[in-house]
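To keep things clear, I will list the structure first and then write my remarks on it.
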Amino acid sequence: MSDRPAETPPPGPHRVQIEYCTQCRWLPRASWLAQELLTTFEAELTELALKPGTGGVFVVRVDGTVVWDRREQGFPEPTAVKRLVRDIVAPGRSLGHSER
């Protein structure tokens with residue numbers, strides 16, 4: 001038997017998808033949000049995809065579950081999306097100054 005503590009298993013493979021409207025030219029907004037999420041959750045995310053869409057769509061999904069839909073909630077503030085993503089991929093983790 002070893003005296004070493006058991007290793008913590010690696011986090012699950014979390015995937016974020018941001019679907020944005022190409023007709024509305026929302027790629028820059030989607031790209032910026034993607035950068036924010038990748039920077040904040042670089043260890044927790046295995047993939048972040050940008051999905052072109054039409055009809056005014058701007059939807060953020062984590063592991064296939066919608067966490068933000070512009071049609072219902074308006075355009076998100078990055079902090080709001082970070083909190084929702086954090087609650088799924090890193091529950092209990094502090095977002096530091098973003099949470100104030």
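Residue indices begin at 1 and follow the sequence shown.
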Starting at [atom1] of [X], measure out to [atom2] of [Y] and round the result to the nearest 0.5 Å.
| X | Y | atom1 | atom2 | result |
| --- | --- | --- | --- | --- |
| Arg93 | Asp87 | CZ | CG | 11.5 Å |
| Arg83 | Glu77 | CZ | CD | 10.0 Å |
| Ile88 | His14 | CD1 | NE2 | 8.5 Å |
| Ile18 | Trp26 | CD1 | CH2 | 13.5 Å |
| Leu48 | Glu36 | CG | CD | 12.0 Å |
| Phe75 | Arg29 | CZ | CZ | 4.0 Å |

Do you reckon Val57 sits in the same ILVMFWY cluster as Leu27, going by side-chain contacts under 4.5 Å, direct or chained?
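Hydrophobic grouping puts Val57 apart from Leu27.
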Under 4.5 Å between side-chain heavy atoms, counting indirect links through other Ile/Leu/Val/Met/Phe/Trp/Tyr residues: same cluster for Leu38 and Phe41 or not?
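Same hydrophobic cluster.
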Holding to side-chain hydrogen bond (donor to acceptor under 3.5 Å, both in side chains), I want the full list of residues that pass it with Glu47, two or more places apart in sequence or in another chain.
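side-chain hydrogen bond (donor to acceptor under 3.5 Å, both in side chains) list for Glu47, sorted by chain: Arg15.
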Quick check: do [X] and [Y] have side-chain heavy atoms less than 4.5 Å from each other?
| X | Y | answer |
| --- | --- | --- |
| Val59 | Arg70 | no |
| Val62 | Leu84 | no |
| Gln35 | Thr39 | yes |

Please report the closest heavy-atom contact between [X] and [Y], naming both atoms and the distance.
| X | Y | answer |
| --- | --- | --- |
| Ala30 | Leu50 | O-CD2, 3.8 Å |
| Pro78 | Trp32 | CG-CH2, 3.0 Å |
| Cys21 | Gly55 | SG-N, 3.7 Å |
| Arg71 | Gly56 | NH2-C, 4.1 Å |
| Pro76 | Val81 | CB-CG2, 3.3 Å |
| Leu37 | Lys82 | CD2-CG, 4.0 Å |

Just do the side-chain contact (heavy atoms from CB on, under 4.5 Å) check on Thr54 and Thr22 with the steps written out, would you?
CA-CA 6 Å; Thr54 58; Thr22 57; 4.0 Å; yes
Does atom CD of Gln73 have more than 12 heavy-atom neighbours from other groups under 6.0 Å away?
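Counting neighbours around CD of Gln73, more than 12 heavy atoms of other residues, nucleotides or ligands fall under 6.0 Å, so yes.
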Is it true that a side-chain atom of Trp68 and a backbone atom of Gly74 form a donor plus acceptor pair closer than 3.5 Å?
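Here the side-chain-to-backbone pair exists.
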